[in-house]
Amino acid sequence: MSTVATAHADEHHGAPKGITRWLFSTNHKDIGTMYLWFAFTMFLIGGAMAMVIRAELFAPGLQVVDPQFFNMMTTMHGLIMVFGAIMPAFVGLANWMIPMMIGAPDMALPRMNNWSFWILPVAGTMLVSTMFMEGGGPAFGWTFYAPLSTTFAPASTDFFIFSIHLLGFSSIMGAINVIVTILNMRAPGMNLMKMPMFVWTWLITAFLLIAVMPVLAGAVTMMLTDRHFGTSFFDAAGGGDPVMFQHIFWFFGHPEVYIMILPAFGIISHIIPTFSRKPLFGYSSMVYATASIAFLSFIVWAHHMFTVGMPVAGELYFMYATIMIAVPTGVKVFNWVATMWKGSLSFEIPMLWALAFVILFTIGGFSGLMLGVAPVDTQYHDTYFVVAHFHYVLVTGALFSIIAGVYFWLPKWTGHMYNLKLATFHFWWSVIWVNVLFFPQHFIGLAGMPRRIPDYATQFADWNMISSIGGFAFGLGQLLFLYIVVSTIRGGEKASTEVWDGSDGLEWTVPSPAPFHTFATAPEVR
Amino acid sequence: MAINRLASALRTLGVLTGSLAANSAFAGWGELNMTRGVTPISQQQYDLHMIVFWICVAIGIVVFGAIIYSVINHRRSQGAEAAQFHENTTVEVLWTVVPIVILVAVAIPATSTLLSLEDTSDADMTVQITGYQWKWKYDYLGEDLSFFSNLSQESRDGIKADPYAVENYLLDVDKPLVLPVKKKVRFVMTSADVIHAWWVPELGVKQDTIPGFINDSWAYIEEPGVYRGQCAELCGKDHGFMPIVVIAKTEPEYNQWVADQKAAAAAAAASADREWSKQELMAKGEEVYNSACASCHQANGQGIPGVFPGMVGSSYTTGPVEDHIDIVVNGKPGTAMQAFGEQLTAAEVAAVVTYERNAWGIDTGDVIQPTAIAANK
Amino acid sequence: MTTNPSDLARKNLRTVRKLALVGVAMFGFGFLLVPLYDVFCDITGLNGKTGRLEAAEASGVGIDKERTVTVEFIANVRDEMGWDFRPQVASMEVHPGALMTTSFVAMNNQPHGVTGHAVPSVAPGRASRYFNKTECFCFSEQHLAAGESKDMPVKFIVDRDLPRDVKRLTLSYTFFSSGDEPG
């Protein structure tokens, strides 16, 4: 099996030149870079769709788009941000950092690594292209509930299904690669309980991916056969049940939201100790908390479905299991706070983002706890309160951690320090506007505005307008991020090997910029 | 058009600045928080919501307080030296156990509310609610009373014009659901096409309507009034345009209303027997078209290319009258075209078919009488 | 750890195989959720799926004369079928354990024959496992010729073990088209 080549320990030349460097790359750093650029591109596309959504919701009445197009925007925005931006960005960070953190020369399966990346642009292009097909692209929400996504869906849905298959393949291959690398390629002396937190969280995330991406593939396969091959998994007319789709989807979907947040926990668990100049508080409880969150994620899925008419016993069980997640999540937050406690804090850019993460993610956690209380979820379900909740968790949670990670490791990748003034401005601009954007959505949700509607009653108008203004400003600010990253790649103040004075770990022992090949001979760990 | 839009945008901006300054539109806490509603369940939900909210606030004060304290007092620029502790079993046990205790305390009232929320027994009456793309149908079981409820014409007109000029914009319907107060009303819900969700915040009811299956829920309304809600599950293009209006009346008023409805239904049946003038049919037809057909086929009869066919240039509006009536009455399987036979009276079908064959320059000159439909239906 | 590159390659390959197997197994598990879900529905009465009894089993059950339960009937028909479909009676008072008979009437308004089948559902969901039918038009497909009208009987027993607080339950049938016949 040729894909299972060992890392090219004998290659000591530099990077190859030209387009082939990228097309045929087996280098974890180049592939990581490509993942990150892909994610950023998709982030801008998905972000542009968010701007369309916020423009339409700026005022009551239909001014910008028609309802069908609006539904397509919300659907594509969700799909692109989840599968195109957040997940690939974390895989990119994993590619870059995991081998360097565990002292490995490369990922365990470099050629498969190349495949998992290059499937992505194909799948992404296919997904985006559905918008230009007759009847339009998917407009049934990123959760694609049957029968709206089967019997009542546009013809382009088949392309949507195929692109989900491809994205799933890519994720599963990437996850296998991560696990094999972590299990087999650690430097001598680095036992599991000495692994950096980012590596730990990614190991657990990768297992989640392998467990649930195939279930998603199964769900879309059933959709496909329902649409074309006469089965009725989700069609009551043929003895099926549309609610079963939701069960299968959320069996994937709930672990999926942890796939998007566990690596974030890892990143934050590096940044806070670094700038507190103090070891991470409760390392082992962090590991156990991550593992128990991952485990709980498999047994709480139906809390997304409290209004489908489940038996009371089922609702009670899912409510209890759901609110239990607050315990390990709380442990993590308390650990971060305890890490800062009596430290020697300084507030470099990554630390600012990490602090914003801890506070804002916790707010997202609070609304999550509220949503978990089943009888009240009757009122919250499918309103803007839910939209506010998951954007606090995914934007100020997952996305902020990715940005924090980029600011943390960018000097190591490029050898240059970024423009601190601009980066500070980027932080304050983003953190203010993101709250203007999402905090009012709690209010409009509680006041009774359902999600996924292109137009609304006039009493929701004021907060929607404020939210839209926050959205435009936040979106604009991310172009500054693009500028900062590009100009840092091009030049800037030279970064030292350690980069940060509190830095700790193998990745900070290689020169900046990190050479094309690192750890050709494994380092010795303590 | 562009000027109109600009004017409306400026106006809304004016509302924004005005409200920020004068605090007129941000009228108090009510608009920021969940409604207390008018049923025992909605009130329990509200109380539970507030309990959990204040617990979150308390935890937030502790956690964020610790962060702020740390940020102020443990900073390097203040000369703080880093301690090197990295575990402490006592606090770790404490911050695992305390949250568990809090959660158990939340779970107890939550369980009791959930149990009463799901208890549909001992109901005084049952109403069947059926979700359609994009309207609701209400059947009063055992009363031989049933009707469809569409977005009101005023709201529909306001979408492209000025929403602020419409009272209860997007929250008003042509025929509201009328219920008696102080009765336990049970709702049995299903759907005719995709999944919808029937939600009225003040009743504390939100329940999915699922094609092929029935769900039930209930409400005991304590005060007469008008309570508005919306569909809460994405159900396609006009998901945002299928509101719910519930009018709660005292028992005598409710009984009177039921009697009136039955009388009106009998009158409508009678009107199908007489001869209608073309003018009458066209006027009625335009009204029916706008409420039942225009959301897909558009008010100008052009449809949406690739999604919904137009009336203009269609073989149905110019071809044989029987085919035209057939597609309106029986729908077209496998497409979004519903069967309107059950939703529209014979007079309404006759009117809308007449209208579609004579509007937008189609001018076939055909006049279809209600009696012809009644024979066909 | 491993120093010899070919040892490492072999070790990696083993791990990949195991993980790929997990992936394939989970794909299968996705499909396994379908029968699991049905079992789950049977046990909990999710979605109001009803039970079916053989006539022989039914005769052995005693009648609980002490209480009555109201059973409501509702009939839904998908638009595209072009049928009228309604219950003969809107509701019945029933003693748990007693074998009851009611019927629904369907009429085909189409100018051609239509075959359909009915999907039953009971609310509240927790009552559905106590709702058993010995004879029902929903057990098989129903065909109506153009303009034909048909009486469709249902024989059912509400189980004696029905929870005492359930005093009213609703039986719904939704007719779906199984396909048109050329007119």
Heavy-atom contact with chain B under 4.5 Å, split by part of [X]:
| X | value |
| --- | --- |
| A/P279 | both |
| A/I444 | neither |
| A/N71 | side chain |
| A/S276 | backbone |
| A/V331 | both |
| A/A146 | backbone |
| A/T383 | side chain |

inquiry  = How long is the straight-line distance from CG of A/L148 back to NE2 of B/H196, given to the nearest 0.5 Å?
reply    =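 Answer rounded to 0.5 Å: 9.0 Å.
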
Please check: side-chain N/O of [X] versus main-chain N/O of [Y], any donor-acceptor pairing under 3.5 Å?
| X | Y | answer |
| --- | --- | --- |
| A/S344 | B/A80 | yes |
| B/S70 | A/M340 | yes |
| B/Q45 | A/P375 | yes |

Contact part of [X] toward chain A, heavy-atom cut-off under 4.5 Å: side chain, backbone, both or neither?
| X | value |
| --- | --- |
| B/D119 | neither |
| B/Q44 | neither |
| B/F308 | neither |
| B/I59 | both |

inquiry  = Quick one, A/F281 and B/F85 - any side-chain contact, counting heavy atoms below 4.5 Å?
reply    =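 Yes - at least one pair of side-chain heavy atoms lies under 4.5 Å apart.
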
key: Ring geometry between A/W341 and B/H74 (parallel below 30°, tilted from 30 to 60°, perpendicular above 60°)   =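 Perpendicular, since the angle between the ring planes exceeds 60°.
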
key: B/K237 to A/F70 six-membered ring, cation-pi geometry met (6.0 Å, 45°)   =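 Verdict for A/F70: no cation-pi partner in B/K237.
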
